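Down below is the structure, laid out as structure tokens.
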Amino acid sequence: MPAWRQMTEKAFWKRSSYAHLWIHLIFKASHSGSEFLWNGKIEKLGVGQFLTGRKSLSEETGIPQGSVEDILTFFEKEGQIQQQKQTSLG
């Protein structure tokens with residue numbers, strides 16, 4: 001079965017806000033890596049990584065910030081994502 005079809009087998013697939021955020025995260029993830037300047041240092045993001053925040057994800061998807069946080073926590077507990085939280089970018 002193609003990987004994209006396997007998404008429909010996930011337990012969260014029938015919860016539209018979960019599926020919407022999941023697809024959004026996949027689209028935002030870097031496919032080749034990238035660099036950005038943070039606190040005077042060049043930081044690198046690997047394949048599958050990206051930099052964002054709850055507010056941005058909420059604005060981009062229309063999902064309330066509190067729900068975004070709950071869904072991200074769910075994905076992390078299920079081993080679907082890893083989060084590295086920062087309070088601000090300088």
Side-chain angles (χ1 to χ4, degrees):
M1 177 182 311
W4 60 272
R5 285 194 184 264
Q6 292 174 1
M7 284 193 298
T8 62
E9 302 297 320
K10 298 289 185 186
F12 63 80
W13 186 251
K14 291 184 180 180
R15 298 194 64 183
S16 61
S17 58
Y18 283 60
H20 183 180
L21 186 57
W22 181 250
I23 291 168
H24 188 75
L25 295 175
I26 290 170
F27 286 162
K28 286 192 67 91
S30 173
H31 295 280
S32 61
S34 62
E35 295 181 345
F36 64 98
L37 188 62
W38 186 37
N39 290 334
K41 294 189 325 184
I42 294 177
E43 298 286 341
K44 295 183 180 192
L45 293 174
V47 173
Q49 297 180 318
F50 63 97
L51 186 63
T52 193
R54 289 186 311 267
K55 183 177 180 180
S56 294
L57 289 172
S58 176
E59 290 170 355
E60 293 164 359
T61 61
I63 301 169
Q65 280 188 52
S67 296
V68 167
E69 178 64 24
D70 292 343
I71 296 167
L72 291 175
T73 299
F74 170 81
F75 288 154
E76 189 167 35
K77 286 180 182 176
E78 293 298 310
Q80 300 293 317
I81 65 168
Q82 293 179 349
Q83 298 183 76
Q84 294 178 344
K85 297 181 182 182
Q86 300 290 329
T87 55
S88 69
L89 287 178

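Quantities reported herein were computed from a predicted structural model and do not represent experimental measurements.
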What is the distance from atom [atom1] of [X] to atom [atom2] of [Y], rounded to the nearest 0.5 Å?
X	Y	atom1	atom2	result
Thr8	Lys14	OG1	NZ	10.0 Å
Gln80	Lys10	CD	NZ	4.0 Å
His24	Thr52	NE2	OG1	6.5 Å
Glu43	Glu35	CD	CD	10.0 Å

Using every non-hydrogen atom in the two residues, find where [X] and [Y] come nearest and quote the distance to one decimal.
X	Y	answer
Leu37	Gly40	CD1-C, 3.9 Å
Tyr18	Phe75	O-CZ, 3.5 Å
Lys28	Phe50	O-CB, 3.6 Å
Ser58	Ile63	OG-O, 2.6 Å
Arg54	Gln65	O-CG, 4.0 Å
Thr61	His20	O-CE1, 3.0 Å

Considering only heavy atoms from C-beta outward, does the side chain of [X] approach that of [Y] to under 4.5 Å?
X	Y	answer
Met7	Ile26	yes
Ile81	Trp22	yes
Leu72	Leu25	yes

Practice task
Count the heavy atoms of every other residue, nucleotide or ligand shown that sit under 6.0 Å from CD of Gln83, and state whether that count exceeds 12.
Solution key: yes
Exercise for the section: Indicate yes or no for a side-chain donor-acceptor contact from Thr73 to the backbone of Glu69 under 3.5 Å, with no hydrogens or angles considered. Expected result: yes
Problem - Co-membership, hydrophobic cluster, residues Val47 and Leu45, 4.5 Å side-chain - result: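 Shared cluster, no.
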